[in-house]
2 protein chains.
Amino acid sequence: MVGRPRDERTRNTILRRAADIASKDGLEGLSIGRLAADLGVSKSGLFGYFGSKEELQLATIRIAAGVYLDEVVQPALEVPPGVKRVWRLCDNWLSYSERRVFPGGCFFFTVGAEFDARPGRVRDAVAAAGLEWSRLVARTVGDARRLGELAEDTEPDQLAFELISFMETANALSLLHDDPAAYRRARTAIRARLGVADSAARPS
Amino acid sequence: MVGRPRDERTRNTILRRAADIASKDGLEGLSIGRLAADLGVSKSGLFGYFGSKEELQLATIRIAAGVYLDEVVQPALEVPPGVKRVWRLCDNWLSYSERRVFPGGCFFFTVGAEFDARPGRVRDAVAAAGLEWSRLVARTVGDARRLGELAEDTEPDQLAFELISFMETANALSLLHDDPAAYRRARTAIRARLGVADSAARPS
DNA sequence: CCTACCGATCGGTAGG
DNA sequence: CCTACCGATCGGTAGG
């Protein structure tokens, strides 16, 4: 009953826009009045969909997680388990960041940095999403090792940490310095770490 | 004449507190009224030191850069050039983050993520500080290579990117998940990358 | 789902 | 360096 079934399309439109704004200005920088003006609706009308700013923030995180799943995770699961799937996951992530699916780069990078030193439900939701992602990367690495495609002494959590480090930092540096070279550096580092060939990325 | 020489100690106290707040809540989350209340002075009195919020933000960045220099850079320059100096620089950074010299972790990580998608002087100052740091790491790596302590085909910019990735991500994950293991992972990754022994960090 | 409003807080200023 | 204030905006509510 909550969420007015008939208006779910409108609700999704609102949240997709909210995620775009939050990727640039954060979930605190996202104001209800500005979002309403942006969408050409009244502030109290928009407010009614969520009931509080915190609920709007939490719903925005859920929508962004859906985008992330569609853009990064799902297409990688079409590749069979192994090093190639690990590479696909990383390359999809870098492409998602590079294409500015969210205009402020990775939504979860922005809001992670914003809430990492504050308590509350928003922080908990952001942290949970990040943990799920870390575990997915580690599990995918673990599969590749079990298949004999990575050294036997590979520690999945450690390698996942390293891969995620390259991705996050490419996102951060490309935004702060308007420098696409960061993505090239991340791909070089990830390829070296996985021992995959420099195939798709060297037409020039 | 700007900055009232007689009050420079007060000014420094204000700015050091401002940097602490900004490391948690960002440079936009830093409000003049809250900062004044925190320090027990009037809002307009504090305002008079800076003249605008943007000038307060820029002065806060300069103070934070000084802390960074004292905590991370200077002590590493006491070690002679080479791989050990690179390691020292990285280890100092991780310690600076881990000891919460700023309560919200690395000041520049927080404000970098906050301003990476907004134009303006604050962003430019944050980006310039980040670039200076990247170049210092790359130069230190280049020195080590020239001394024959790293492989001849080491690319300083690439290795600097990788080292910085591990540091930034340790900071981010330790905060978001309240998990000190991130620092261990970063040190493991950096040691492997530099080929330095697991000396100081394995008493247990 | 709208207009009109609430108290709180924002950056900034007047006046002393 | 203070008190007192400015208009703008914040999240949220009343009333229809």
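Chain A is the first sequence line, chain B the second, and so forth, proteins listed ahead of strands; every chain is numbered from 1.
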Asks: Using only modelled atom types and a 3.5 angstrom limit, is any donor from either the side chain of B:Ser44 or the base of D:dT3 paired with an acceptor on the other?
Replies: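 When only heavy-atom distances are counted, B:Ser44 does reach the base of D:dT3 through a donor-acceptor pair under 3.5 Å.
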Asks: How many whole angstroms separate atom CZ of B:Arg11 from atom P of D:dC1?
Replies: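 Taking CZ of B:Arg11 and P of D:dC1, I get 13 Å after rounding.
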Asks: Nearest 0.5 Å, please: how far is CG in A:Leu89 from CE in A:Met167?
Replies: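 Answer for the CE-CG pair, A:Met167 versus A:Leu89, is 6.5 Å.
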Asks: Which atoms form the tightest heavy-atom contact between B:Ala19 and B:Ile63, and what is the distance?
Replies: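 That closest heavy-atom pairing would be CB-CG2, 4.5 Å.
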Asks: Base, sugar-phosphate, or nothing for A:Leu56, non-hydrogen atoms under 4.0 angstrom?
Replies: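 The answer is nothing, as A:Leu56 stays clear of every strand by at least 4.0 Å.
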Asks: Can you tell which of D:dG12, D:dT3, C:dC1 lies closest to the side chain of B:Ser42?
Replies: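 The closest nucleotide is D:dT3.
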Asks: Side chain of B:Lys43, base of C:dG12: donor and acceptor closer than 3.5 Å?
Replies: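 Flag set: donor-acceptor pair detected.
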Asks: Going from CZ on A:Arg62 to CD on A:Gln57, what distance comes out if it is rounded to the nearest 0.5 angstrom?
Replies: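 The distance works out to 12.0 Å.
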Asks: Can you tell me the distance, in whole Å, between the NZ atom of A:Lys53 and the C1' atom of D:dT9?
Replies: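 Nearest whole value for this atom pair: 11 Å.
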Asks: Starting from P on C:dC10, measure out to CD on A:Glu28 and report it in whole angstrom.
Replies: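 Spelled out: CD on A:Glu28 to P on C:dC10 is 13 Å.
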Asks: Heavy-atom count around A:Lys84 NZ within 6.0 Å, excluding the residue itself: above 12?
Replies: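 Open: at most 12 neighbouring heavy atoms sit under 6.0 Å from NZ of A:Lys84.
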Asks: Side chain of B:Phe47: nearest nucleotide among D:dG12, C:dG12, D:dC2?
Replies: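 When the side chain of B:Phe47 is considered, C:dG12 is the closest of D:dG12, C:dG12, D:dC2.
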Asks: Just the rounded figure in Å: distance from C1' of D:dT9 to CD1 of A:Ile32.
Replies: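 Whole-Å distance recorded here is 12 Å.
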Asks: Tell me whether A:Arg34 is salt-bridged to A:Asp25, with the criterion being a basic N under 4.0 Å from an acidic carboxylate O.
Replies: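 A:Asp25 and A:Arg34: salt-bridged.
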Asks: What is the distance, rounded to the nearest whole Å, between atom CD of A:Gln57 and atom C1' of D:dG11?
Replies: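 Result: 11 Å.
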Asks: Start with the C-alpha gap between B:Glu55 and B:Tyr49, add the side-chain angles, then the distance that decides, and say whether side chain to side chain contact (heavy atoms under 4.5 Å, CB included) holds.
Replies: CA-CA 9 Å; B:Glu55 288 300 332; B:Tyr49 278 89; over 6 Å; no
Asks: Check whether any side-chain nitrogen or oxygen of B:Ser31 sits under 4.0 Å from OP1 or OP2 of C:dC10, and answer yes or no.
Replies: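 Checking C:dC10 against B:Ser31, a side-chain N or O does come within under 4.0 Å of OP1 or OP2.
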Asks: Which dot-bracket string describes DNA chain C (Watson-Crick N1-N3 plus N6-O4 or O6-N4, or G-U N1-O2 and O6-N3, all under 3.5 Å; [ ] crossing; | other strand)?
Replies: ||||||||||||||||
Asks: What is the distance, to the nearest angstrom, from the CG atom on B:Leu39 to the C1' atom on D:dC2?
Replies: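 After rounding, the gap between these two atoms is 16 Å.
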Asks: Calculate the interatomic distance between A:Arg34 atom CZ and D:dA8 atom P; express it in whole Å.
Replies: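 That distance rounds to 19 Å.
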Asks: Just the rounded figure in Å: distance from C1' of C:dC10 to CG of B:Leu30.
Replies: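 About 12 Å, once rounded to whole Å.
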Asks: Does the plane of the ring in A:Phe102 sit parallel, tilted or perpendicular to the ring in A:Phe107? Use 30° and 60° as the thresholds.
Replies: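 Rings of A:Phe102 and A:Phe107: tilted, as their planes differ by 30° to 60°.
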